[in-house]
Amino acid sequence: MGPIELNKRQEEILEIVKGNGPITGEHIAERLNLTRATLRPDLAILTMAGFLDARPRVGYFYSGKKAGQDLSESVMNMKVKDFQSIPVVVSEKVSVYDAIAQMFLEDVGTLFVVNEQSLLTGVLSRKDLLRSSIGNKEISKIPVHIIMTRMPNITYCFKHDPLLHVAKKLIEKQIDALPVVAEHENGLEVIGRITKTNITAAFLSLAENHDL
Ligand code: ADP
């Protein structure tokens with residue numbers, strides 16, 4: 001069964017309860033200049049469909065359930081922390097060769113580079129590693145800090161950021177991943193990773209939660 005279609009009066013009731021709930025059936029009727037009896041079937045439908053909850057002597061309130069939650073509300077409720085993956089970090093001193101090995105071993109497309117204090121200093125993408133490998137036989141002697149994209153040119157995010165803002169950054173900067181960071185006195189600690197795959201998974205969960 002697809003999402004249920006609400007009629008105009010049911011939509012009005014929903015708006016009233018969203019803005020004023022908990023509210024009694026009597027008061028909803030008053031606001032609409034209708035009798036309580038006229039509203040009864042609409043209230044029953046809204047309650048059965050899960051848009052409203054009813055409590056004796058308290059009244060009706062908006063359930064906030066997925067059926068009633070609008071899409072834009074759900075989108076803004078998706079936060080980085082709910083979709084982030086574990087970051088894979090390497091030291092600035094490791095060689096390009098070892099970084100490539102690490103990328104295969106951990107099955108990721110982006111590595112984050114940290115200094116001795118474990119603070120973020122760089123990013124390595126697949127193409128960064130490919131570029132430095134082409135025609136270069138000495139990649140076990142080149143440290144990654146020579147080829148990485150470095151601070152302050154790194155795009156990052158925080159765990160409480162809306163996922164939508166991260167999606168926008170990924171597209172605008174034409175990159176595949178962002179480190180999730182926590183601020184420290186001397187720099188940024190890497191605590192997570194958000195990639196296009198995480199955004200795709202979030203997109204899918206949204207569709208599932210809205211029965212699309
Ligand atoms: P690929 O180069 O494998 O297609 P990306 O599109 O992610 O992967 O990377 C493109 C370039 O942007 C690379 O040089 C990489 O170092 C850099 N880059 C990747 N992620 C970031 C980031 N979060 N902030 C800044 N630069 C990044």
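Start at 1 and go down the list; that is how both ligands and their atoms are numbered. All heavy atoms count here, side chains included; hydrogens, waters and symmetry mates do not. The residues of the chain are indexed from 1 along the displayed sequence.
- In the candidate list I194, I175, T195, I175 is nearest to atom 22 (C) of ligand 1, counting heavy atoms.
- Contacts of T110 with ligand 1, taken as heavy-atom pairs under 4.0 Å, are absent altogether.
- Between L178 and ligand 1 there is a heavy-atom distance shorter than 4.0 Å.
- At a heavy-atom cutoff of 4.0 Å, ligand 1 is contacted by both the backbone and the side chain of T155.
- Note on K79 versus D82: no salt bridge recorded, every NZ/NE/NH1/NH2 to OD/OE distance being 4.0 Å or above.
- Among all non-hydrogen protein atoms, the one lying nearest atom 6 (O) of ligand 1 is Q174 O, 3.3 Å.
- A donor and an acceptor atom, one from each side chain of T35 and T38, are located under 3.5 Å apart.
- Relative to atom 11 (C) of ligand 1, the option among A177, S125, C157 with the closest non-hydrogen atom is S125.
- Residues E12 and R9 are not paired through a salt bridge, judged by the lack of any N-O separation under 4.0 Å between the basic side chain and the carboxylate.
- Neither the backbone nor the side chain of M148 has a heavy atom within less than 4.0 Å of ligand 1.
- Annotation: atom 16 (O) of ligand 1 to nearest protein heavy atom, D128 OD2, 2.4 Å.
- Protein heavy atom at the shortest distance from atom 3 (O) of ligand 1 is K127 N, 3.1 Å.
- Scanning all protein heavy atoms for the shortest distance to atom 26 (N) of ligand 1 gives T149 CG2, 3.6 Å.
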